[in-house]
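Shown next, in structure tokens, is the structure this report addresses.
Residue numbers run from 1 in the order of the sequence given. All ligand and atom numbering here is 1-based and tracks the order in the structure.
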Amino acid sequence: MSNSAESTAESSSANPFKIAQRQFDQAAEMLELEPAMRDLLRWPRREYKFTIPVKMDNGDSRVFHGYRVQYNDACGPTKGGLRWHPEETLDTVRALAAWMTWKTSVMEIPLGGGKGGVTCNPKELSEGEQERLARGWMRVMARQLGGDRDVPAPDVYTNPKIMAWMMDEYEVVTGRSHPAVITGKPLVVGGSLGREDATARGGVLCVREACQRTGIDPSGSYAIQGFGNAGQFAALLHRELLGGGKLLAVSDTSGAFYNPDGFDPEELVEHKRRRGGLSGMSGAREISAGELLALEVDILYPAAMESVITGANAGEVRARMICELANGPTTPEADEILEAKGVHVIPDFLANAGGVTVSYFEQVQGTYNYFWPLEKVHRELEAHMVNAYASVYRMHEEQKVHMRLAAYLVAVTRVAEAVRVRGWV
Ligand code: NAD
């Protein structure tokens with residue numbers, strides 16, 4: 001196990017941790033942070049890298065590599081998801097842990113940022129192998145976790161079932177009930193109502209707030225790249241919360257599809273549920289992935305993956321607003337181009353923060369062992385999103401910087417202040 005902040009051999013310009021550090025450096029420069037504060041905030045405070053031996057179904061043992069990065073806990077216990085991905089590396093985990101730190105800060109929730117993962121392909125693992133891997137990860141990390149230390153959650157290729165095994169293993173290791181150690185659990189073992197659609201709900205609420213300030217019509221047209229959890233709920237909630245809107249295009253791994261009359265979001269969700277993909281929808285014309293991103297729409301929701309709007313294609317974007325439900329869909333080069341074109345970008349760690357906010361509510365409810373009705377979850381989430389959007393927009397106006405840099409300025413200022421009042425720097 002290593003808990004040093006040494007640099008790794010993974011360094012390159014496409015390295016997400018290098019991008020996260022570059023984004024932080026820009027904010028640190030504007031805020032004129034002192035050198036020691038910069039050194040502290042551009043590195044994780046603690047990181048764990050370890051091996052997990054797992055007995056496979058065929059009787060062999062296999063060794064997996066696990067990670068947990070506790071990036072910064074000045075504002076409270078660290079919090080962040082666990083990804084099980086074949087390309088997981090320490091640097092992807094570091095970058096995502098840094099972004100979680102800025103996300104909890106911009107939301108003003110009393111938590112820090114963390115992230116974890118395992119390098120594996122869960123599609124190649126049986127259910128029993130997944131359970132043994134989940135329990136193995138938890139046995140290594142249990143003593144470093146807890147509602148008052150560090151709280152994991154589901155992320156790419158992990159789910160409520162895996163969180164339930166992990167919570168159970170934690171309770172076996174520590175000998176006590178502690179549902180607040182992990183969030184994103186099934187309801188019956190301490191999950192929160194409202195977690196399923198929280199990310200999309202938070203993003204659509206940001207769009208509502210942005211439309212009021214920019215004059216963009218919320219009942220105009222919209223397009224969604226990626227039709228998974230975040231994309232499907234965004235399609236439905238856009239109509240429900242904004243009172244209209246024509247869904248002109250959607251995409252998933254089966255292709256990108258356009259309907260000039262607008263898709264019915266409920267029919268699309270039902271079609272995807274039945275057929276496993278979007279292809280074959282009536283009234284749909286297939287378009288390219290690039291055409292979807294270049295459509296003339298009021299609002300574009302990237303909800304699939306990172307680095308899809310780049311220096312190469314940002315010039316073609318004709319959306320008036322981009323709500324980044326995905327993590328990292330826009331590169332720093334694209335940010336500059338979109339800013340020059342006057343596109344209003346709601347940056348990822350604000351736009352998709354509804355998920356961690358309801359995870360935080362789950363942690364609070366688990367600590368009290370008293371659970372809220374759905375209406376209260378929605379009310380509290382709305383209050384947090386409205387407040388966070390307003391802080392970032394105010395900074396954007398006052399400092400005349402694009403929304404992502406404004407979000408960084410808000411988030412980094414708060415964490416730096418917590419570091420200062422604790423007397424660390
Ligand atoms: P998901 O796996 O449920 O859905 C992803 C969707 O994207 C799938 O429909 C897939 O077919 C589609 N997709 C993949 N590659 C694509 C491509 N090249 N073009 C078009 N579509 C493609 O994942 P999700 O939970 O909806 O997450 C989506 C994004 O939102 C990720 O970046 C994730 O990190 C981010 N996010 C999600 C949450 C959450 O609570 N679900 C929270 C924060 C951030």
Side-chain angles (χ1 to χ4, degrees), residues 16 79-85 87-88 92-93 95-97 99-100 102-104 106-107 113 115 117 122-123 152-160 163 183-185 191-192 194-204 206 223-237 249-258 265 268-269 271-273 275-279 281 286-293 295 300-310 313 322-330 346-362 381 385:
K79 170 121 197 65
L82 296 176
R83 306 198 324 163
W84 285 11
H85 197 276
E87 273 142 44
E88 198 68 296
T92 56
V93 181
L96 289 157
W99 288 324
M100 280 304 295
W102 313 133
K103 192 185 288 196
T104 52
V106 90
M107 293 308 296
K115 208 78 176 189
K123 290 179 187 158
D155 205 297
V156 174
Y157 295 149
T158 57
N159 53 41
M163 298 305 111
T183 61
K185 302 181 296 294
S192 176
R195 175 62 186 87
E196 219 186 0
D197 71 7
T199 300
R201 183 174 292 270
V204 173
C206 284
I224 300 177
Q225 185 206 36
F227 209 61
N229 173 287
Q232 292 183 38
F233 280 117
L236 298 166
L237 289 168
V250 280
S251 69
D252 66 5
T253 43
S254 72
F257 303 92
Y258 173 75
L268 275 185
V269 170
H271 179 90
K272 172 121 186 173
R273 193 188 61 76
R275 305 275 290 266
L278 287 166
S279 71
M281 265 304 286
E286 185 151 9
I287 56 175
S288 70
E291 280 175 290
L292 184 142
L293 295 174
L295 272 183
L300 172 65
Y301 291 94
M305 48 197 285
E306 63 282 357
S307 300
V308 290
I309 304 175
T310 65
N313 64 4
I322 295 178
C323 177
E324 295 182 340
L325 292 175
N327 279 318
T330 310
I346 307 173
D348 49 5
F349 69 83
L350 170 63
N352 68 30
V356 72
T357 305
V358 174
S359 272
Y360 160 60
F361 298 160
E362 180 178 334
L381 174 61
M385 296 309 309

Exercise for the section: Return yes if some donor-acceptor pair links the side-chain N/O of S192 with the main-chain N/O of R195 below 3.5 Å, else return no. Expected result: no
Exercise for the section: Would you check whether K272 has a nitrogen or oxygen atom less than 3.5 angstrom from a nitrogen or oxygen atom of ligand 1? Expected result: yes
Problem - Listed partners of W99 passing side-chain hydrogen bond (donor to acceptor under 3.5 Å, both in side chains), at least two apart - result: Q23, Y408
Practice task
Please name the pair of heavy atoms, one in P122 and one in Y157, separated by the smallest distance, quoted to 0.1 Å.
Solution key: CG-CB, 3.6 Å
Problem - Atoms of ligand 1 close to A303 [distance to a heavy atom under 4.0 angstrom, numbered from 1] - result: 28 (C), 29 (C)
Exercise for the section: Can you pull out the closest protein heavy atom to atom 14 (C) of ligand 1? Residue, atom name and distance to 0.1 Å, please. Expected result: T253 CG2, 3.6 Å
Exercise for the section: For atom 44 (C) of ligand 1, find the nearest protein heavy atom and state the residue, atom name and distance (0.1 Å precision). Expected result: N352 ND2, 3.5 Å
Practice task
Determine the sole option in P329, P347, P302 for which the side chain to side chain contact (heavy atoms under 4.5 Å, CB included) test with I322 is passed.
Solution key: P302
Handout entry: Proximity to ligand 1 by part of S254, non-hydrogen separation under 4.0 Å
Key = neither
Handout entry: Proximity flag R195 to ligand 1, non-hydrogen atoms under 4.0 Å
Key = yes
Practice task
Apply ring pair (Phe, Tyr, Trp, His ring centres under 6.0 Å) to F361 and list each qualifying residue two or more places apart in sequence or on a separate chain.
Solution key: W372, H384
Handout entry: Protein residue, atom and distance nearest to atom 25 (O) of ligand 1, heavy-atom basis
Key = N229 CB, 3.8 Å
Exercise for the section: Among all protein heavy atoms, pick the one closest to atom 42 (C) of ligand 1 and tell me residue, atom and distance. Expected result: T199 OG1, 3.3 Å
Practice task
Taking E88 for its side chain and H85 for its backbone only, find out whether a donor-acceptor pair lies under 3.5 Å.
Solution key: no
Practice task
Output yes when a side-chain donor or acceptor of E362 lies under 3.5 Å from a complementary backbone atom of K185, and no otherwise.
Solution key: yes
Practice task
Could you find the nearest protein heavy atom to atom 15 (N) of ligand 1 and give me its residue, atom name and distance?
Solution key: M305 SD, 3.5 Å
Exercise for the section: May I ask you to identify the nearest protein heavy atom to atom 12 (C) of ligand 1, giving residue, atom name and distance to one decimal place in Å? Expected result: G226 CA, 3.9 Å
Problem - Any N/O pair K103/ligand 1 closer than 3.5 Å - result: no
Practice task
Report yes or no: does S251 have a heavy atom closer than 4.0 Å to ligand 1?
Solution key: yes
Practice task
For A230, counting its heavy atoms only, list the atoms of ligand 1 lying under 4.0 Å from any of them.
Solution key: 26 (O)
Practice task
Please could you name the atoms of ligand 1 that A326 approaches to less than 4.0 Å, counting only its heavy atoms?
Solution key: 29 (C), 30 (O), 32 (O), 35 (C)
Handout entry: Which residue and heavy atom of the protein sit nearest atom 22 (C) of ligand 1, plus the separation
Key = A304 CB, 3.6 Å
Handout entry: Closer than 4.0 Å: a protein non-hydrogen atom to atom 27 (O) of ligand 1
Key = no
Handout entry: Shortest non-hydrogen separation from F257 to I287 and the atoms involved
Key = N-CG1, 4.2 Å
Fill in the blank from the handout: Rounded to the nearest 0.5 Å, the NZ atom of K272 sits from the OG atom of S279 at a distance of 10.0 Å
Exercise for the section: Ignoring hydrogens and angles, tell me if any N or O in the side chain of D252 forms a donor-acceptor pair with the backbone of L278 under 3.5 Å. Expected result: yes
Problem - Any side-chain heavy-atom pair of V358 and R201 under 4.5 Å - result: no
Fill in the blank from the handout: Counting heavy atoms under 4.0 Å, the part of N327 that contacts ligand 1 is both
Handout entry: atom 7 (O) of ligand 1 touched by protein (heavy atom, under 4.0 Å)
Key = yes
Practice task
Could you check atom 21 (N) of ligand 1 against the protein and tell me its nearest heavy-atom contact, residue, atom and distance included?
Solution key: D252 CA, 3.3 Å
Exercise for the section: May I ask you to identify, for R83, whether its side chain, its backbone, both or neither come under 4.0 Å of ligand 1 on a heavy-atom basis? Expected result: neither
Problem - Options G228, A153, A200, ranked by nearest heavy atom to atom 1 (P) of ligand 1, top entry - result: G228
Handout entry: Proximity of L325 to ligand 1 by residue part, where a heavy atom lies under 4.0 Å
Key = backbone
Problem - Atoms in ligand 1 with a heavy atom of F227 nearer than 4.0 Å - result: 6 (C), 9 (O)
Practice task
Would you confirm whether T158, through its side chain, and L82, through its main-chain N or O, come within 3.5 Å as a donor-acceptor pair?
Solution key: yes
Exercise for the section: Evaluate the 4.0 Å heavy atom contact test for atom 40 (O) of ligand 1: does a protein atom fall under the cut-off? Expected result: yes
Practice task
Using distance alone, decide if ligand 1 has a nitrogen or oxygen within less than 3.5 Å of any nitrogen or oxygen in G355.
Solution key: no
Practice task
Using a 4.5 Å cut-off on heavy atoms from C-beta on, say whether the side chain of E324 contacts that of I309.
Solution key: no
Practice task
State whether the side chain of N352 and the backbone N or O of T199 hold a donor-acceptor pair below 3.5 Å, judged by distance alone.
Solution key: no
Exercise for the section: Measure from the side-chain N and O atoms of D348 to the backbone N and O of K103, and report whether any donor-acceptor pair falls under 3.5 Å. Expected result: no
